[in-house]
Amino acid sequence: MMEIRTPKTHKAKRVLEKRAPKLVENGKKTLILHGTKTSATVSSVLMELYRLKKGGAIKYSRRNENIRPFESGGETSLEFFSLKTDCSIFVYGSHTKKRPDNLVLGRMYDHHVYDLIEVGIENFKSLLSFSYDKKIAPHEGSKPFICFTGEGFDNVPELKQLKEVLTDLFRGEVVENLNLTGLDRAYICTAISPTKVFLTHCAIKLKKSGTIVPRIELVEVGPSMDLVIRRNRLPNEGLRKEAMRSSKDKPKKKVKNVDQNDVLGKLGRVYIPEQEVGKIPLADKSKGVKRERREGKLKKNKEEGSASKKLKESE
């Protein structure tokens, strides 16, 4: 029986809370893995994906024999690596006679496999095969444009899933404000057929246009490749709803004794405890009480004075 270990220190609790699913997620890191066998093409693709995602990716160079994402029980090692590295996306490269130059792209939810899509690599061109001015080379960690062209990304379910996975893979950290001058790269995805997508990486070159808005030119800097869809696996409906829940769907905390009326607006109900007036002690500091005491003293002094006069007269 598997032992369930609970955190015993505040630091361990903070680490677990940081890794737990959130309504507003942090930037997703990418885990890059090698299969039992990898060709030169697959190794080059994995290395160049790591360079493009540098700072937001972790790459393991050892071969992994126990990872078979589409098979039952073959996800255990993959989920272990995801938990260990806190990565939400993975890229797994392998090469077999049945599926040459193979890539498996997938996403994780709560360190469990959420969905999978398997693609084959064709017509691969590395970074070194492109010649361009190095001054326009994209900077490390810069935010990219991601462009999807073709009706297949809206009509074909497999291409829809590939679009979602590629968007999560390349978009990096989610930010609210963005400096447009820092956008120096673009990923162009073109749907050639219902099962084939052309992916290329371009640098953005700004030129004079005679107006405030500059003219944009795209310079291909690589890598580029054709992705042929082979297999895919969608998440079940319950897991999808849980993973897609946003902060707007969070149930609001009920406020006691407050109602909402269409005419009067917000109405509040105030409860006042029963006031036991008879048991409340009264302070003897009122002006009326002081005056009564003063008048009583004067009256008493007069009576004593008159009594002493009578005694003197009688004597």
Side-chain angles (χ1 to χ4, degrees), residues 28-53 56-124 146 153 156-171 187 189 191 194-199 201 223-236 239-240 243:
K28 296 181 179 180
K29 292 194 296 183
T30 304
L31 177 63
I32 300 175
L33 298 167
H34 290 256
T36 306
K37 293 182 180 180
T38 54
S39 61
T41 301
V42 173
S43 299
S44 299
V45 170
L46 295 179
M47 178 57 68
E48 296 198 4
L49 284 176
Y50 176 68
R51 289 175 182 171
L52 294 175
K53 293 278 297 179
I58 296 174
K59 183 178 182 297
Y60 287 167
S61 57
R62 289 186 179 181
R63 296 179 179 180
N64 298 278
E65 299 179 357
N66 300 325
I67 297 179
R68 296 178 180 85
F70 283 93
E71 296 182 11
S72 175
E75 305 169 349
T76 307
S77 298
L78 188 61
E79 293 174 352
F80 169 76
F81 288 132
S82 171
L83 179 62
K84 182 180 178 181
T85 58
D86 194 20
C87 291
S88 303
I89 306 173
F90 69 89
V91 180
Y92 175 75
S94 61
H95 177 77
T96 59
K97 184 177 180 181
K98 186 178 180 181
R99 295 184 177 87
D101 300 331
N102 197 57
L103 277 184
V104 179
L105 309 175
R107 294 179 290 179
M108 313 291 288
Y109 176 73
D110 197 13
H111 305 297
H112 296 286
V113 175
Y114 176 72
D115 63 348
L116 298 168
I117 186 162
E118 185 180 66
V119 295
I121 303 169
E122 295 181 357
N123 304 323
F124 172 70
I146 306 176
F153 289 113
V156 182
E158 291 80 4
L159 291 182
K160 281 184 179 180
Q161 184 184 5
L162 182 62
K163 177 182 177 181
E164 293 178 0
V165 174
L166 291 177
T167 302
D168 283 344
L169 179 64
F170 291 124
R171 70 177 179 176
Y187 294 101
C189 303
T195 58
K196 195 171 187 179
V197 174
F198 173 66
L199 170 64
H201 178 224
S224 68
M225 66 193 86
D226 291 336
L227 303 178
V228 182
I229 298 175
R230 290 173 177 168
R231 291 185 293 177
N232 73 314
R233 192 179 79 186
L234 296 172
N236 59 62
L239 183 62
R240 184 180 181 85

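Worth knowing before you read on, the calculation uses all heavy atoms, side chains too, and leaves out hydrogens, waters and symmetry mates.
Within the model, atoms CD of Glu65 and NZ of Lys37 stand 10.5 Å from one another, a figure rounded to the nearest 0.5 Å. To the nearest 0.5 angstrom, Leu52 atom CG is 6.5 Å from Phe170 atom CZ. For the atom pair Ser88 OG and Asp168 CG, the distance stands at 9.0 Å (nearest 0.5 Å). Taking CG from Asn102 and OG1 from Thr96, the interatomic distance works out to 6.5 Å, rounded to the nearest 0.5 Å. In this structure, OG on Ser94 lies 9.5 Å from CG on Leu46, to the nearest 0.5 angstrom. Taken from CG in Asp101 to CG in Asp226, the straight-line distance is 12.0 Å, to the nearest 0.5 Å.
In terms of heavy-atom proximity, Gln161 sits nearest to Leu234 at OE1-CD2, 3.3 Å. Closest of all the heavy-atom pairs between Pro223 and Phe124 is CB-CE1, 3.9 Å. Smallest separation of non-hydrogen atoms from Tyr114 and Ala243: CE1-CB, 3.8 Å. The minimum heavy-atom distance between Leu33 and Leu78, with the atom names listed, is CD1-CD1, 3.5 Å. Of all heavy-atom pairs between Ala57 and Ile32, the closest is CB-CD1, 4.4 Å.
Between the side chain of Lys163 and the backbone N or O of Cys189 there is no donor-acceptor pair closer than 3.5 Å. Counting only distance, with no hydrogens or angles, the side chain of Asn66 and the backbone of Asn64 share no donor-acceptor pair below 3.5 Å. Under the 3.5 Å distance criterion, the side-chain polar atoms of Ser82 are matched with a main-chain donor or acceptor of Cys87. Side-chain atoms of Ser44 come within 3.5 Å of backbone N or O of Ala40 as a donor-acceptor pair.
At a threshold of 4.5 Å between non-hydrogen side-chain atoms, the residues Leu162 and Leu105 count as touching. Residues Leu159 and Val197 have side chains in contact (heavy-atom distance under 4.5 Å, counting atoms from C-beta outward). Annotation: side chain of Leu169 is not in contact with side chain of Arg107 (no heavy-atom distance under 4.5 Å). Looking at heavy atoms from C-beta onward, Pro100 lies out of side-chain contact with Thr41 at the 4.5 angstrom threshold. Contact of the Leu116 side chain with the Val104 side chain is registered, since non-hydrogen atoms from C-beta on lie closer than 4.5 Å. For the pair Thr36 and Arg63, the minimum side-chain heavy-atom distance is 4.5 Å or more. Two residues are said to be in side-chain contact when any heavy atoms from C-beta on lie closer than 4.5 Å; Val91 and Val45 fail this criterion. Two residues are said to be in side-chain contact when any heavy atoms from C-beta on lie closer than 4.5 Å; Thr38 and Tyr92 fail this criterion.
By the salt bridge (Lys or Arg N to Asp or Glu O under 4.0 Å) test, Arg231 is found to be paired with Glu118, residues two or more places apart in sequence or in another chain being considered. For Glu122, the salt bridge (Lys or Arg N to Asp or Glu O under 4.0 Å) criterion is met by Lys196, not counting sequence neighbours.
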Could you go through residues 69-76 and list every donor-acceptor pair under 3.5 Å that involves a side-chain atom there, pairing it with any protein atom two or more places apart or in another chain?
from  : atom 1 : to     : atom 2 : distance (Å)
Glu75 : OE2    : Arg233 : NH1    : 2.9
Glu75 : OE2    : Arg233 : NH2    : 2.8
Thr76 : OG1    : Gly73  : O      : 3.4

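The one candidate from Ile89, Thr85, Asp86 that meets the side-chain contact (heavy atoms from CB on, under 4.5 Å) condition with Leu31 is Thr85.
Ring geometry, Phe81 versus Tyr60: the interplanar angle exceeds 60°, so the pair is classed perpendicular (tilted spans 30 to 60°).
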Quiz prompt | Lys29/Lys53 under side chain to side chain contact (heavy atoms under 4.5 Å, CB included): CA gap, chis, key distance, verdict | solution = CA-CA 9 Å; Lys29 292 194 296 183; Lys53 293 278 297 179; over 6 Å; no
